[in-house]
Structure formats: C-alpha cells, structure tokens
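Report on the following structure.
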Amino acid sequence: MAINEMEQDIDRVFFTEEQIQTKIAELAETLNEEYAGKFPVFLGILKGVYPFYADLMRRLTIHVQTDFIAASSYYGGCVSTGKLTIKKDTDVDLKGRHVVIVEDIVDSGNTLYLLKQHLADRGAASIKLITLLDKPARRERDIVPDHYCFRCENEFVVGYGLDYDEKYRNLPYIGILKKEVYGK
Ligand code: IMP
Ligand code: MG
C-alpha cells in the first residue's frame, strides 16, 4: 500500500466525513424550505468551497442556478492580506435574484466584506451567506454568516477544500496539521 502522504501530516481530526455530511444534510433541509420557489443563485467562492458546494448541491431539491467566483484575500500562507483578488467573476445577471454566497470558512471576514461590496450594486433581491466553517474569534469585519455547519476555534484547519500552501484540499475530513509541517 502506498504511504498516505496527507494523513501522516495530520495532528488531529476535528470534523469527520460523517459529521460533515450530517451537517450538510441539515443545512440543505433548511435551504430547501427557505428558498422554495425562489430559484436562487448559489455563488461558490473558489477554490476552497468545491467539496462543500458539490455535496450541498446534491442534497438540494429546489431549483438553483450554480456559478462560481474565484476570489481570495490570502496568498499561500495563513494570513489574510485584506485585499481582494478576483480571478474569475460571475457573469450571471443578479438583478432581482436571490443570491447565496457559499464559502468554505469565514475567518477575518475580509474576503466576504470586500466581496459583498463588489456585488452590492448589481441589484440582487437578497444576498445571504452560508459557510462550512465559522471562525468568529478572529473576525475583523461585521460579517455574520446566515448559516454555518461548524464553529471552529482560532486554529488553522485543513481538509475538505481547505488548504495549507495549496495542499490538503483533497483530504475527506477537517483537521489540524502537525507543527513541524509548517515551513517544511
Ligand atoms: P477571511 O477573509 O479572513 O475571512 O478568510 C477567508 C478565506 O481564508 C477562506 O475562504 C479560506 O480560503 C482562507 N482561510 C481562513 N482560515 C483558514 C483556515 O483555517 N484554513 C484554511 N484556509 C483558511
Ligand atoms: Mg483558501
């Protein structure tokens, strides 16, 4: 058997695959009721959101339009830069639409704060925010997710879309890295 390159770097598992799927099923139930008959646009924020987005979509039974924005206020490491970089914008006309921004994690809130400004003048009927993880201890902006799956402490987590230096996104669960992995 090949060595599990990722697993040997993990110190602790925070949220298992099963816990994640259970929470996503609950969130989908809530959204199926909240957006019934509204044909919302689910805007996923790449790259980190992709597993959460895909698993959530498969549990929604309402009509939804799907699109992505590639944006981040991070470059490689663990610290938010406070400046938003948009590599791919949405070309959906948001006028009169119910928009649901889907994030992997809300940390400082800088990305969402800047992204909400970026989308503000497009005439959306409503804009809500859902996130897999909420890390409120480090919030620098007045950003409160409308729905989240899990709260986490002030620790840098990886897996299920979340990266450290572009690695570990393909880990099926969420955990923290061993100290010696940083700066390897
Ligand atoms: P914010 O702008 O500080 O709220 O950060 C949002 C983005 O930073 C997220 O979409 C993630 O891509 C990244 N991020 C924040 N905290 C973590 C973490 O603990 N692990 C991995 N990525 C993180
Ligand atoms: Mg990221």
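First listed ligand is number 1; within each ligand, the first listed atom is number 1. Everything numeric in this text was worked out from a predicted model, so none of it was measured.
One option in N110, I45, I105, L177 has a heavy atom closer to atom 23 (C) of ligand 1 than any other, and that option is I105. Proximity annotation for atom 12 (O) of ligand 1: of D104, I174, L84, D104 comes nearest, heavy atoms only. Considering each of V49, D107, L133, V158, the one bringing a non-hydrogen atom nearest atom 16 (N) of ligand 1 is D107.
With a heavy-atom cut-off of 4.0 Å, T111 touches ligand 1 through backbone and side chain alike. Residue-level proximity to ligand 1 for D163 is carried by the backbone, the only part with a heavy atom below 4.0 angstrom.
Against a heavy-atom cut-off of under 4.0 Å, E155 is close to the following atoms of ligand 1: 19 (O). Residue L162 approaches ligand 1 through these ligand atoms, each under 4.0 Å from one of its heavy atoms: 21 (C), 22 (N). Proximity to K135 (heavy-atom distance under 4.0 Å) selects the following atoms of ligand 1: 16 (N), 17 (C), 18 (C), 19 (O). Shown in contact with E103 at under 4.0 Å from a heavy atom are these atoms of ligand 1, numbered in order with element: 10 (O).
Taking any N or O of G109, backbone or side chain, at least one lies under 3.5 Å from an N or O belonging to ligand 1. Taking distance alone, with nitrogen or oxygen atoms compared against 3.5 Å, V106 stays at or beyond that limit from ligand 1.
Ion pairing between a basic and an acidic side chain is recognised when a charged N comes within 4.0 Å of a carboxylate O; E29 and R59 show no such pairing. Salt-bridge formation is detected for the pair D89/R122: a Lys NZ or Arg NE/NH1/NH2 atom is positioned less than 4.0 Å from an Asp or Glu carboxylate oxygen. Between K116 and D142, none of the side-chain N atoms (NZ, or NE/NH1/NH2) sits under 4.0 Å from a carboxylate O, so this pair counts as no salt bridge.
In the hydrophobic clustering of ILVMFWY residues, with side-chain heavy atoms under 4.5 Å counting as a link, I24 and I62 come out together.
Cation-pi geometry between R169 and Y50 is not met at under 6.0 angstrom from the ring centre and within 45 degrees of the axis.
Using a 4.0 Å cutoff on heavy atoms, K47 does not count as a contact of ligand 1.
Counting only N and O atoms by type, the side chains of Y182 and D165 include no donor and acceptor under 3.5 Å apart.
Shown here is D121, whose CG atom has no more than 12 heavy atoms of other residues, nucleotides or ligands within 6.0 Å.
Shown here are the side-chain hydrogen bond (donor to acceptor under 3.5 Å, both in side chains) partners of Q21, two or more places apart in sequence or in another chain: D55.
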